[in-house]
Amino acid sequence: MSAQGEIVATKTKTAFRQECSVSAVISAPTDRIWGLLTDTSHMVSWNSTLTSIEGNVELGGTVRMRVPEAPERVFAVKVSQFTPNREMVWTQGTPGVFLGVRTYRLTPRSDQTTLYEMIEVFSGVMLPMIAGRLPDFKPIFERYAADVKKAAEAT
């Protein structure tokens with residue numbers, strides 16, 4: 001868990017699994033942060049890790065996005081879990097072959113702040129062949145968390 005105001009990112013990797021996570025304590029209620037994470041119409045205005053995003057951030061919805069690290073690609077993810085103001089999971093790929101799973105988690109704290117966590121896990125038999133083409137997610141996740149924190153605390 002991160003200390004007040006600190007953004008902490010970690011990265012682990014094995015042959016068939018790669019994980020990157022980030023956490024931050026944000027001085028804002030969960031519903032304000034959730035609004036930022038689920039409103040695709042305004043996300044590019046505060047999120048420097050995206051160049052475009054569209055779609056429905058709801059259970060079963062599909063979200064399509066572009067990122068600066070791969071401007072020619074459109075990443076389409078499915079919202080596979082959705083608990084408002086608490087947790088959502090975005091999934092892309094085929095289990096066992098190559099799968100990306102991103103989990104967003106918000107935990108309210110007794111001091112009126114929120115613990116924000118984002119975890120992405122890549123796994124599957126194709127990971128060793130694909131891993132070299134993946135960017136270093138640690139600085140990207142740190143930037144994403146800093147953007148969320150700044151936007152949520154400014155509102």
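For this chain, numbers begin at 1 and follow the sequence in order. Treat the numbers as computed from the prediction; the structure is a model and nothing was measured.
- No side-chain donor from either of Thr30 and Asn85 sits under 3.5 Å from a side-chain acceptor of the other.
- Hydrophobic clustering (ILVMFWY, side-chain heavy atoms < 4.5 Å, transitive): Leu99 and Phe137 are in distinct clusters.
- Here Ile140 contributes atom CD1 and Glu69 contributes atom CD; the two are 3.5 Å apart, rounded to the nearest 0.5 Å.
- Hydrophobic side-chain contacts under 4.5 Å tie Phe16 to no other Ile, Leu, Val, Met, Phe, Trp or Tyr residue.
- Here CZ of Arg143 is found 8.5 Å from CG of Asn47. Values are rounded to the nearest 0.5 Å.
- To the nearest 0.5 Å, the span separating CD on Gln18 from NZ on Lys13 amounts to 5.5 Å.
- Residue Leu59 is grouped with residue Ile53 when hydrophobic side chains (ILVMFWY) are merged at heavy-atom distances under 4.5 angstrom, including chains of intermediate members.
- Under a hydrophobic-cluster definition in which Ile, Leu, Val, Met, Phe, Trp and Tyr are linked whenever side-chain heavy atoms come within less than 4.5 Å, directly or via other members, Val89 and Phe122 are assigned to different clusters.
- Counting heavy atoms from C-beta on, the side chains of Pro108 and Arg86 come closer than 4.5 Å.
- Side-chain atoms of Thr113 do not come within 3.5 Å of backbone N or O of Val25 as any donor-acceptor pair.
- Closest approach of Thr49 to Pro68, counting heavy atoms only: O-CD, 3.3 Å.
- Ring geometry for Tyr144 versus Tyr104: interplanar angle of 30 to 60°, hence tilted.
- The two atoms that bring Ile33 and Ala28 nearest to each other are CD1-O, 3.9 Å, heavy atoms only.
- Remark: side-chain polar atoms of Asp136 are paired, donor with acceptor, to backbone N or O of Lys138 under 3.5 angstrom.
- The minimum heavy-atom distance linking Gly55 with Thr40 is given by the pair O-OG1, 3.2 Å.
- To the nearest 0.5 Å, the span separating CG on Leu36 from CH2 on Trp46 amounts to 5.5 Å.
- Of the possible donor and acceptor atoms, none in the side chain of Arg102 sits under 3.5 Å from a partner among the backbone N and O of Glu120.
- Ile119 shares a hydrophobic cluster with Val121; the chain of contacts runs through ILVMFWY side chains whose heavy atoms sit under 4.5 Å apart.
- By the 4.5 Å heavy-atom criterion applied to side chains, Val63 and Phe75 are not counted as neighbours.
- A continuous path of Ile, Leu, Val, Met, Phe, Trp and Tyr side chains, each step under 4.5 Å between heavy atoms, connects Ile130 with Val77, placing both in one hydrophobic cluster.
- Distance check, rounded to the nearest 0.5 Å: CD of Glu6 to NZ of Lys149 gives 10.5 Å.
- Listed here is the closest heavy atom pair of Thr38 and Trp34: OG1-O, 2.8 Å.
- Comment: Asp111 engages Arg109 in a salt bridge, judged by a side-chain N to carboxylate O separation of less than 4.0 angstrom.
- The closest donor-acceptor contact from the side chain of Glu54 to the backbone of Arg64 lies at 3.5 Å or more, if one exists at all.
- Residues Phe141 and Ile7 fail the side-chain proximity criterion, which asks for heavy atoms closer than 4.5 Å.
- Taken from OG1 in Thr103 to CD in Glu117, the straight-line distance is 10.0 Å, to the nearest 0.5 Å.
- Two residues are said to be in side-chain contact when any heavy atoms from C-beta on lie closer than 4.5 Å; Trp90 and Val101 fail this criterion.
- When atom types are taken as modelled, the side chain of Asp147 and the backbone of Ser48 share a donor-acceptor pair closer than 3.5 angstrom.
- Clustering ILVMFWY residues whenever any of their side-chain heavy atoms sit less than 4.5 angstrom apart, transitively, puts Val74 in a cluster other than the one holding Leu50.
- Annotation: side chain of Thr107 is not in contact with side chain of Thr114 (no heavy-atom distance under 4.5 Å).
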